[in-house]
Amino acid sequence: MNLQQTLKLHVKAAIKVLFQSELESVEFQATRKEFAGDITIVVFPMLRVVKGNPVVIGEQVGQYLLDNVDLVLGFNVVKGFLNIEISDSYYLDFFQSIKGETNYGFSEVNDEKAVMVEYSSPNTNKPLHLGHVRNVLLGYSVAEIIKASGKKVYKTQIINDRGIHICKSMLAWQRFGNGETPESTGLKGDKLVGNYYVKFDQVYKVEISELVAQGQSEDVAKKNAPILLEAQEMLRKWEAGDNEVVSLWKKMNQWVYDGFDVTYKNIGVDFDTYYYESDTYLLGKEFVAEGLKTKVFEEDTDGSVWCDLTEDGLDRKIVLRSDGTAVYMTQDIGTAIQRIKDYPDVGGMVYTVGNEQDYHFKVLFLILKKLGFDWAKNLFHLSYGMVDLPSGKMKSREGTVVDADDLIKEMADTAEEISKELGKLEDYSEAEKKELYKTIGLGALKYYILKVDPKKRILFDPKESIDFQGNTGPFIQYTYARIQSILRKADVKEYIALNVVEMQFHDKEKQLIKQLENFPEVIQSAADQHSPALIANYTYDLVKDFNSFYQNVSILGADSDLEKGFRVALSQTVGQTIKNAFKILGIEVPERM
RNA sequence: GGUCGCAUAGCUCAGUUGGAUAGAGCACCUGCCUUCUAAGCAGGCGGUCCUAGGUUCGAAUCCUAGUGCGAUCACCA
C-alpha cells in the first residue's frame with residue numbers, strides 16, 4: 001500500500017471518529033516548497049460532509065493523524081491545506097524496497113484481455129516522411145506504455161496496398177523506368193517507387209495543360225488526361241486479377257516494404273503482425289451483406305449501400321459503392337473483424353491515425369457497435385495533430401516533405417557536431433561514436449515529438465534545428481550517462497545490497513525518493529490517457545531533481561561509507577528509472593556522452 | 001453553413017478529478033569547472049491563462065456566447 005492509500009484510510013477514520021461522518025474521497029497534492037511538510041491534504045472538499053471552519057477541521061484531522069499514525073511526524077494548517085510531515089523512515093523503507101529492481105515501474109500482465117495497437121499504416125507508393133514519424137513514435141510508445149501498465153499488446157499496421165495511387169507509380173515505372181530496380185540504382189525501394197509517383201504527377205500535369213491549350217476546361221482535362229485513364233485501366237486489370245499487373249504490383253510493393261523495413265529499423269520500432277487492405281476488404285463486404293440483413297445498413301435504388309447515422313447525430317455514410325466495390329470504410333470494418341478472429345484474446349484496439357480522420361473513426365466505431373460486436377466499445381482513436389512546415393502542409397507530389405531517413409541522418413549529424421565541440425570521447429572507436437551520435441540524434445527527435453500533447457499541431461522548422469539543451473532528450477541522456485560514470489567508479493552491487501536502517505536525509509535525497517515513488521502511477525495514467533507526454537514530462541522532472549542533487553551533494557565524497565553507499569544506490573535507482581521511462585518512449589540511453 | 005479540435009511568458013510547451021503567489025525550457029542578463037562529465041547547477045528578467053458573461057468558499061481548468069487558427073462534412077484513402 002502506498003502513502004496516499006494509507007493516509008486516506010486514516011483520514012476517513014479521523015472524520016468518522018471526530019465528526020461521525022463518512023468521507024468518500026481524500027484529495028492529496030504535493031506540498032509546495034514554501035511550506036513545511038511532505039504531502040498535503042486539501043480540507044475544502046471535506047466541507048461538503050463536515051460543516052465548519054476548514055482551518056479548525058484541518059487542525060483536528062492533523063492532530064488525529066499525529067496521534068494515530070506512526071509515519072506522521074508533524075503537521076501544519078495553512079488556510080484549507082493540511083501539510084503533513086512524513087518520517088524519513090517511511091521514505092527509506094520505500095527506497096529499500098525498490099532499489100536494484102531492473103523492472104521498476106513495469107507491471108506484470110494482469111489482464112486476460114489484450115490490446116491491439118495499430119500505427120504507421122502507410123500507402124505503398126512513397127517513402128515515409130515526418131508525418132509518419134510522429135505517427136510511428138506515438139503508436140510505438142503508447143503500445144509500450146500499455147504493456148508496461150500490465151496488458152498484453154499486439155503491435156500492428158494496416159497497409160494500404162491497393163488503389164489508384166499504386167497504379168500511378170506502377171504505370172510511370174513501366175513507361176519511364178527502363179527496368180530500373182533498387183539493386184541497379186542503389187536506391188531504397190520506397191525511394192525508387194516514390195520517384196515514379198512524382199514522375200507520374202509531372203507527366204499528368206503536362207498532359208492537363210496540353211488539353212487545356214486545346215480548349216478543354218481544367219476540370220474536364222483533369223479527368224481526361226491519357227495517363228490517368230491508363231492508370232484507371234490498370235486498376236481495373238488489377239481487380240480482375242490480370243497476371244502481368246498483379247506481378248508488377250507484387251514486385252513494386254515488395255521494394256517498398258523492404259525500404260520501409262530499413263526505416264523502421266532505423267527509427268527503432270517494430271510490429272508483431274501486419275494486415276493488408278487487399279486481404280481484408282472482401283471480409284468487409286461480407287459483413288456489409290450481413291448488416292443489410294439485420295437492417296443496420298440500407299440499399300439505395302442504384303445499389304449502393306449506406307448506414308444511416310442521423311439518429312446518432314451523424315450523417316448517412318456509404319459502405320459500398322453502387323458498382324459493388326469497397327470503400328475505405330468497408331475495408332476498415334473487415335480489418336477490425338479479421339483482427340479479432342486472428343487474435344481472440346484482443347479486447348480492444350487503439351488506432352494511431354491523424355486527426356483529419358476523427359470523423360471517419362467516430363463512424364467506424366459506431367457501425368461496429370451497431371453490427372453487435374461487444375469489443376467495439378473498447379476502440380480508441382489515438383488522434384494526433386498534423387506536423388506542418390513553415391511553408392504549410394507537406395505534399396509528397398510536390399516534393400515539400402521532410403523525408404524520414406534524411407531527418408534521422410541530419411539529427412545524428414547535429415549530434416556529431418555538438419559532440420565534437422565538447423570533445424569528451426577521444427578514446428571511442430569510430431563505430432562506437434557513430435552509434436552514439438545516432439542514439440543522441442534520435443533521442444532528441446523522439447523526445448521533441450513525444451513530449452507534446454498528441455492533440456496539438458506541430459510546426460516543424462527544419463532550419464531551426466531541434467535543441468539539445470534544456471527540456472530535451474539529450475539532456476536526459478546526459479544525466480543518465482553521468483550516473484553511469486559514477487557507478488563505474490563505485491562498487492555498485494555492494495552498495496545496493498547495503499541495508500540502511502537509519503538515515504538523516506538531505507532535502508535533495510528525499511525529493512528524489514518522492515519523485516521515484518510517483519513513477520508507477522505515472523505509467524498507469526499515461527496508459528489510461530494514451531499519452532507518452534506524461535512519461536516524458538515525468539522523466540524531465542526526475543532528471544532535474546537528480547541534477548540538482550548531483551551539483552549540491554557529493555556522492556562519492558560523502559562523509560561516511562553509509563551515506564556514500566546510500567547515495568550510490570539512489571543514483572543507480574534513478575538511472576534505472578530513467579532507462580525504464582525512456583524505454584517505453586522508445587529512446588535509448590548511452591553509457592557515456 | 002453544420003460538426004470536431006486547439007488558443008497559457010518574445011518563442012516551444014507543462015499545468016492531475018476545479019485548490020495555496022500559474023510552472024519549465026529556449027532567448028536575454030549574473031554567478032559557478034583545482035572535488036563525482038558545465039549537453040550541467042544557482043539566480044535574474046518576462047503573464048489581460050483569446051474575449052465577455054455564468055456556476056463556486058475557490059476557475060487557466062466546468063457551463064454559455066463570441067473571436068482566431070486547423071480539420072472534417074466525397075460512390076478519395
Side-chain angles (χ1 to χ4, degrees), chain A residues 25 27-32 34-35 40 42-45 47 54 78-81 83 121 123 160 162-165 277 300 302-306 313-315 317-329 331-332 354-360 362 383 385-386 388 393 415 418-419 421-422 424-425 440 444 448 451-453 455-459 461 464 466-479 481-490 521-522 525 529 533-534 536-537 540-541 543-544 547-558 564 567-568 571 592-593:
Chain A
S25 64
E27 191 176 318
F28 295 96
Q29 54 181 266
T31 303
R32 295 179 72 108
E34 55 269 39
F35 304 107
T40 295
V42 188
V43 181
F44 295 109
L47 298 179
V78 182
K79 291 192 225 171
F81 299 90
N83 303 318
S121 305
N123 288 340
N160 295 313
R162 73 188 193 103
I164 189 79
H165 52 277
E277 187 188 321
D300 260 15
D302 64 358
S304 56
V305 179
W306 298 75
L314 304 172
D315 299 320
K317 190 77 189 175
I318 189 159
V319 291
L320 207 63
R321 294 195 189 98
S322 53
D323 63 2
T325 56
V327 293
Y328 184 34
M329 191 59 75
Q331 67 96 5
D332 267 4
N355 64 7
E356 77 241 351
Q357 294 191 33
D358 285 355
Y359 185 72
H360 172 78
K362 220 178 190 178
S383 165
M386 295 289 100
D388 289 329
K393 273 190 122 171
I418 295 174
S419 204
E421 267 172 44
L422 296 171
K424 295 181 192 172
L425 299 159
I440 298 170
Y448 175 83
K451 78 172 178 185
V452 313
D453 185 333
K455 283 202 293 279
K456 292 196 174 174
R457 200 166 80 102
I458 291 181
L459 195 68
D461 190 342
E464 286 181 31
I466 293 171
D467 278 332
F468 283 65
Q469 281 165 15
N471 187 0
T472 67
F475 166 64
I476 292 165
Q477 290 173 321
Y478 173 70
T479 304
R482 237 184 186 177
I483 291 171
Q484 301 318 303
S485 169
I486 288 176
L487 299 183
R488 280 191 293 271
K489 291 176 184 155
E521 251 173 76
V522 172
S525 49
Q529 296 175 46
L534 294 182
N537 288 317
Y540 178 61
D541 288 339
V543 161
K544 261 202 316 186
N547 279 325
S548 184
F549 162 71
Y550 177 92
Q551 300 270 2
N552 287 287
V553 179
S554 183
I555 297 166
L556 296 176
K564 180 176 165 185
R567 286 175 187 169
V568 170
S571 302
R592 289 176 52 185
M593 69 184 274

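Letters go in sequence order (proteins before strands), and every chain restarts at 1.
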Exercise. May I ask whether A/Tyr540 stacks on the base of B/A24, given the cut-offs of 5.5 Å between ring centres and 30° between planes?
Key: no
Quiz item: Within the structure shown, what part of the strands sits under 4.0 Å from A/Val553 by heavy-atom distance: base, sugar-phosphate, or nothing?
Solution: base
Quiz item: Can you check side chain to side chain donor-acceptor pair (under 3.5 Å) on A/His360 and A/Asp332, steps first, answer last?
Solution: CA-CA 10 Å; A/His360 172 78; A/Asp332 267 4; 2.8 Å; yes
Quiz prompt | Assigned partner base of B/U21, Watson-Crick or wobble definition, under 3.5 Å | solution = none
Quiz prompt | Flag side-chain contact, heavy atom, 4.5 Å: A/Arg321 against A/Val327 | solution = yes
Quiz item: A/Tyr550 side chain: which of B/U21, B/C36, B/U3 is closest?
Solution: B/C36
Practice problem: Looking at every strand, decide which applies to A/Tyr448 at a 4.0 Å heavy-atom threshold: base, sugar-phosphate, or nothing. | Solution: nothing
Quiz item: Using a cut-off of 4.0 Å on non-hydrogen atoms, how would the nucleic acid contact of A/Ile440 be classed: base, sugar-phosphate, or nothing?
Solution: base
Exercise. Select one nucleotide: of B/A38, B/G19, B/U8, the one nearest the side-chain heavy atoms of A/Lys456.
Key: B/U8
Practice problem: For A/Val78 and for A/Thr479, find the nucleotide of RNA chain B with the closest heavy atom, then tell me which residue's nucleotide is more 5'. | Solution: A/Val78
Exercise. Would you indicate what A/Thr40 reaches in the nucleic acid, counting non-hydrogen atoms under 4.0 angstrom: base, sugar-phosphate, or nothing?
Key: base
Practice problem: Would you mind classifying the nucleic acid contact of A/Lys79 as base, sugar-phosphate or nothing, using non-hydrogen atoms under 4.0 angstrom? | Solution: sugar-phosphate
Quiz item: For A/Pro54, which contact category applies under a 4.0 Å heavy-atom criterion: base, sugar-phosphate, or nothing?
Solution: nothing
Self-check item: Sugar-phosphate only, base, or nothing, as touched by A/Tyr359 at under 4.0 Å among non-hydrogen atoms
Solution: sugar-phosphate
Quiz item: Considering every strand shown, what is the Watson-Crick or G-U wobble mate of B/A65 when both distances are under 3.5 Å?
Solution: B/U51
Self-check item: Base-pairing assignment for B/A27 (Watson-Crick or G-U wobble, both under 3.5 Å)
Solution: none
Self-check item: Side chain of A/Pro45 - closest among B/G19, B/G25, B/A71
Solution: B/G19
Practice problem: Could you check A/Leu425 against A/Asn537 and say which one's nearest nucleotide on RNA chain B is further toward the 5' end? | Solution: A/Asn537
Self-check item: Under 3.5 Å on both distances, the Watson-Crick or G-U partner of B/A38
Solution: none
Quiz item: Base, sugar-phosphate, or nothing for A/Gln357, non-hydrogen atoms under 4.0 angstrom?
Solution: base
Exercise. Using a 4.0 Å heavy-atom cut-off across all strands, classify A/Asp453 as base, sugar-phosphate, or nothing.
Key: sugar-phosphate
Exercise. Compare all side-chain heavy atoms of A/Val543 with those of A/Tyr478 and state whether any distance is below 4.5 angstrom.
Key: no
Exercise. Classify the side chain of A/Asp332 and the base of B/A77 as holding, or not holding, a donor-acceptor pair under 3.5 Å.
Key: no
Practice problem: Identify the nucleotide, in any strand shown, that forms a Watson-Crick or G-U wobble pair with B/G1, with both distances under 3.5 Å; if there is none, say none. | Solution: B/C73
Exercise. Go through B/G19, B/A39, B/C41 for me and flag the one nearest to the A/Lys544 side chain.
Key: B/C41
Quiz item: What is the nucleic acid contact for A/Ala533, judged by heavy atoms within less than 4.0 Å: base, sugar-phosphate only, or nothing?
Solution: nothing
Exercise. Give one of base, sugar-phosphate or nothing for A/Gln477, where a contact means two heavy atoms less than 4.0 Å apart.
Key: nothing
Quiz item: Counting side-chain heavy atoms from CB outward, which of B/G5, B/G70, B/G40 is closest to A/Arg457?
Solution: B/G70
Quiz item: Of all the choices, B/C76, B/A71, B/G19, which nucleotide is nearest to the side chain of A/Phe44 once you look at every atom?
Solution: B/G19
Quiz item: Can you tell me how far CG of A/Asp467 sits from OG1 of A/Thr472, rounded to the nearest 0.5 angstrom?
Solution: 7.0 Å
Exercise. Look at the side chain of A/Leu534 and decide which nucleotide, out of B/G15, B/G19, B/U37, has an atom nearest to it.
Key: B/G15
Quiz item: If you look at every strand shown and take non-hydrogen atoms under 4.0 Å, does A/Met386 touch a base, only sugar-phosphate, or nothing?
Solution: nothing
Self-check item: Among B/U37, B/C13, B/A71, the one nearest A/Arg592 by side-chain distance
Solution: B/U37
Practice problem: Decide yes or no, distance alone: a donor-acceptor N/O pair under 3.5 angstrom between the base of B/A42 and the side-chain of A/Ser548. | Solution: no
Practice problem: Under 4.0 Å between any heavy atoms, over every strand shown, what does A/Tyr328 touch: base, sugar-phosphate, or nothing? Just pick one. | Solution: base
Quiz item: Does B/A59 pair with anything, Watson-Crick or G-U wobble, both distances under 3.5 Å, and if so, with which nucleotide?
Solution: none
